[in-house]
Amino acid sequence: MKKLKQKDIMIVGQDPDMNGRAKKILNEALVKAGFNPKKLSYTDVLEEGLPDGKRVTKTMLRDRIPQVQKRVKKVDPKLMLLLGNTPCEALLGRSGIRNLRGKPIDHEGRVVLPIYHPNYALHDEKWVSVIEGDVRRLKECLDFGGIPEEKGLDYTIVDTEKKVQQMLKDLTGTVAVDLETSRLYPFMTMLDELIASKKASPNDIKDHKATHNGNLPAVVAMQFGCRKRQWVVPMETAGVWSKQRLRWIVKKVSKALKKCITVFHNGKFDCLWMKVRFGAKWKVDFDTMLAHYLLDENDQHGLKYLAQKELGVPDWDIDGKEKTEWSPDNAKYAAHDVYYTRLLKPIFAKRLSEDYEVNRVFKHIMMPCVGLFVNAEYQGVYINLKQMDDAEAYLREELSKAQTNLEPWAAKAKKVDAKTGKINWGSSDQLADLLFNVLKIKSVEKTKGGKESTSESVLLRIDHPMVNDLLKFRAATKQLSGFIEGWKPFLDTEGYLHPVFKLHGTVTGRLSCEHPNLQQVPRDPRIRTLITAPEGWTLMEMDLSQIELRIAAELANEENLLQIFFEDGDPHWQTAIREIERGGGRKKEMIKTAKAHHKMEGKKYKKMKYHEAVEYVLSIGGDEAVNAVKHWTETKQLKEAFVNWKEDRKKAKAINFGYLYGMWWKKFKLYARDNYGVEVTDKEAEASRVAFFDLYPAFPKWHKRQRRFANANGYVRSLSGRKRRLPHAMSHRDTPQRREAERQAINSPVQSFANELNLMAALEMAKYFPKKAFRIVGTVHDAILMMVRNDHVKAVWDHGLRIMSGPELLQKFEIDLKVPICADGTIGPWGAGISYEKWIEKYGEVKQKDIEIEYA
DNA sequence: TACTGGCGCGCG
DNA sequence: AAAGCGCGCGCCAGTA
């Protein structure tokens, strides 16, 4: 090819009215890559620009295609840079800039390189580096005189015995590992079975396609990135190796990998697949995704994106469907994955090593969690299928009852579903029209989008016979679609769900969970108790009690609150009773509760005044107050309790967290109204906030410290050293975004450390408890869910609760807490578990074994 | 027909 | 000028 010059390049934009800042981004990228922007030629699809306020339409674009093609022909550039989707549509006849960008294409004898339009980087400057990388790619094309080959990529498809031997010999030192799979979920589900046996209904198949891409689970390829070359092994669906031979290869590879430093990008995924499909046990020494997550939790962590950003390489992505089956294209794609993963490792490792504290979180919490959650996801949670059927029948009955009751109103609806011609009670739009336009009910509230709100809190304020059934309809559909129907596509053939935990799922360090989300299972026993353990095993839950308040007390050094914890008190109960006392409410109930408690305890009761009763009720604690009322109700044979202290405590909990994290009294007013139907005046609401900070005076000072630190540094750290970057906190103006960042600066270290304590405890339990009798099946922020063999219940109960209240990893992090940490536990179906004492009463015949723990 | 954004609501 | 934090999911409506 003839040597190319800068004048052979043409840049094609959308219209000449490019934003000044965007122009600057493009020019800087060009200069950085070594171009002289003045030597390049330019044109735009819409050469004359647009009148103010007009948007580009498809027809407009179509009209200009011949003209822009003519101009291109006239200049006859050898290289073209296309800015954004519009020029791609005009000149390539294709759209989808996300997929097209960064990949030079040979089009009608020209090298064409689409990139993001510089305007795209205006709302988020992280795209600047992507654009710069792509422009560098243009320079490479110029220098090479065409589309350059990648230098370090040299991959071999392992399809002969000889190549297997060569590959096994090459598996030493640092090896990047990755898989291509037929879908994202490795378990054979009940739906898979139905479909394989061709008994599935069309509806089931629809579900299956939505969840699993329509494929059965299989590993398509297994790749290794070594020092000089990459190895791609065709796997289950490729038909290259027999099943038996494949198992042998996996065995050999697994053995070799034990001695390597293994690098993965989201290794949990690959290890889980290998465990499910081949029973292989792989370790992850370095995970580039988790490393980047700790280096910038606000950014994206995808491999393509990171390779682009850190290495400035072109996108090597192929069509989503191609990845699910074996092909030479897929093999090339697979080789890229490991090649770049291996290149990213030293970059992130160095960056981590520059921050001792963050690196420590990576080494001692994040990386060990990979193995823990491979096992947890592999195990899954056991579902009581019989009870699930019962729950489904019940909810369907509830639903149909509600619908029948709503029938008279359905006829009046004007805005209806286009297909059925009837109102869809699930449509907020149609419902709003019926309520506020047809029935002329006065609207109370609008949503942010300016529509009439039909939220629960609005419905509750409407006086209309429909309301009750509408709420019942919503509750039943929510449970049915979210948990009964929602779980079915994920149920495996043994009756287990396998939720996926994302270790990089949140900005604070908490985990998120999906497919399905175990962390949002309703507390309603009808749903929650569906999660239990199989025959011979028991479900156990352990949680860190009031952990966020304890950590806040520690961080703020809030002596009043610390004192409550030293005395084993209950701050939520304290707030509840003090709140009521301040308003002078519940006179009768307070005295009656004190009396009931005396009676229940068999103590002599002396008549009390209100304030005496308050102190007494406060001193006995929330649980005892509830018991006393229950006892009274039973002995007097009353149908309803005279006061629901549990509700009061719940309400106080929300107040504590709200004010702790910066809630303003106006929101408290809304909260009191929506949750408890209490109309609080402005004055009362303000007073409650003042009272909270009077009770805990160190909190405002701590808030101030956190704000100051974030303002000055743009980040905060949790006790473990994990960083939460808050760039908006550094703004010099007092903007809503800065305020938001400041509240996050208060909340993040608390939420973050609570989660870390929980993970530390989970890691320790997994380390010391025997796998044959103990499995962690999930975590829910401040709680651990586990499955325990019946003969180990006592041992896990004793050791587990002790571990949670002070995991050994705290020493490694040099953390010495003032505040006592307490753990609670329950044994039995989730949400209906009992204490060990009660459990052993029931299952006394199960002989208990002890666990020997040898501490390191 | 498939994707995106807003909303409402489940959880901590 | 406006003021709890952190998630995932189902549904609807708008868009291409």
Side-chain angles (χ1 to χ4, degrees), chain A residues 57-58 85 89 95-96 98 209-210 297 320 415 417-418 424-432 446-459 471 474-475 477-483 485-487 499-502 504-524 527-528 543-544 546-548 552 653-668 670-671 674 689 692 699 703 707 724 726 733-752 754-755 758 778-783 830-831:
Chain A
T57 63
K58 279 222 153 170
N85 237 339
E89 285 175 30
S95 72
R98 284 186 181 194
K209 280 191 175 158
E297 72 286 352
K415 215 180 206 177
D417 197 277
N424 174 358
W425 294 111
S427 165
S428 46
D429 237 39
Q430 294 170 26
L431 179 60
K446 298 216 169 169
T447 65
K448 269 188 205 156
K451 291 178 179 171
E452 306 285 0
S453 170
T454 60
S455 70
E456 188 171 322
S457 90
V458 168
L459 293 184
L471 292 176
R474 277 193 186 169
T477 35
K478 171 97 190 163
Q479 291 204 343
L480 267 174
S481 69
F483 304 100
E485 291 301 336
W487 285 359
V500 175
F501 291 85
K502 277 162 89 177
H504 64 297
T506 75
V507 286
T508 56
R510 270 190 181 178
L511 314 187
S512 72
C513 181
E514 56 188 8
H515 309 315
N517 183 353
L518 187 73
Q519 297 174 329
Q520 60 168 171
V521 177
R523 303 180 79 174
D524 182 342
I527 303 293
R528 199 166 259 210
D543 68 285
L544 296 160
Q546 302 139 328
I547 190 61
E548 289 203 16
K653 197 172 162 183
I655 293 174
N656 278 343
F657 284 125
Y659 287 149
L660 175 64
Y661 295 135
M663 183 174 68
W664 209 239
W665 59 264
K666 279 194 181 173
K667 184 137 184 186
F668 168 67
L670 295 181
Y671 182 83
D674 293 345
R689 189 168 184 279
F692 178 83
F699 279 148
H703 287 180
R707 282 198 295 268
R724 169 83 169 103
L726 299 163
R733 284 184 308 125
D734 183 8
T735 60
Q737 289 95 312
R738 195 179 89 179
R739 291 291 173 127
E740 187 183 5
E742 288 171 350
R743 290 193 299 276
Q744 289 162 340
I746 291 163
N747 171 273
S748 271
V750 179
Q751 198 181 102
S752 198
N755 163 66
N758 198 49
T779 61
V780 190
H781 311 308
D782 60 0
W830 199 20

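Quick caveat: nothing in here was measured; it's all calculated off a predicted structure. Reminder, nothing fancy here: chain letters follow the sequence lines and each chain counts from 1.
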Nucleotide-resolved protein contact map, nucleotides 4-10 of chain C, B/S/- at heavy-atom distance under 4.0 Å: BBBSBSS
Compare side-chain N and O positions of A:R528 against OP1 and OP2 of B:dG12 and report whether any pair is under 4.0 Å apart. yes
Students often get this wrong, so: under 4.0 angstrom with heavy atoms, is A:V521 touching a base, only sugar-phosphate, or nothing? sugar-phosphate
Please state whether the rings of A:F483 and A:W487 are parallel, tilted or perpendicular, taking 30° and 60° as the class boundaries. perpendicular
What distance, rounded to whole Å, do you find between the two P atoms, one in C:dA1 and one in B:dC9? 31 Å
Quick check: does any side chain N or O of A:T508 sit under 3.5 Å from a backbone N or O of A:S748, one acting as donor and the other as acceptor? no
Report the distance from atom OH of A:Y659 to atom P of C:dA3, rounded to the nearest whole Å. 15 Å
When you compare the side chains of A:Q751 and A:Y661, does any donor N or O come within less than 3.5 Å of an acceptor on the partner? no
Measure CG/A:N656 against C1'/B:dG12 and give the value in whole Å, please. 16 Å
Would you mind classifying the nucleic acid contact of A:N755 as base, sugar-phosphate or nothing, using non-hydrogen atoms under 4.0 angstrom? nothing
Within the structure shown, what part of the strands sits under 4.0 Å from A:P736 by heavy-atom distance: base, sugar-phosphate, or nothing? nothing
Opposite nucleotide pairing with B:dT4, Watson-Crick or G-U, both atom distances under 3.5 Å: C:dA13
Measure the acute angle between the ring planes of A:Y659 and A:F692, then classify it against the limits of 30° and 60° as parallel, tilted or perpendicular. tilted
Look at the side chain of A:R689 and the backbone N and O of A:M663, then say whether any donor-acceptor pair between them is shorter than 3.5 Å. yes
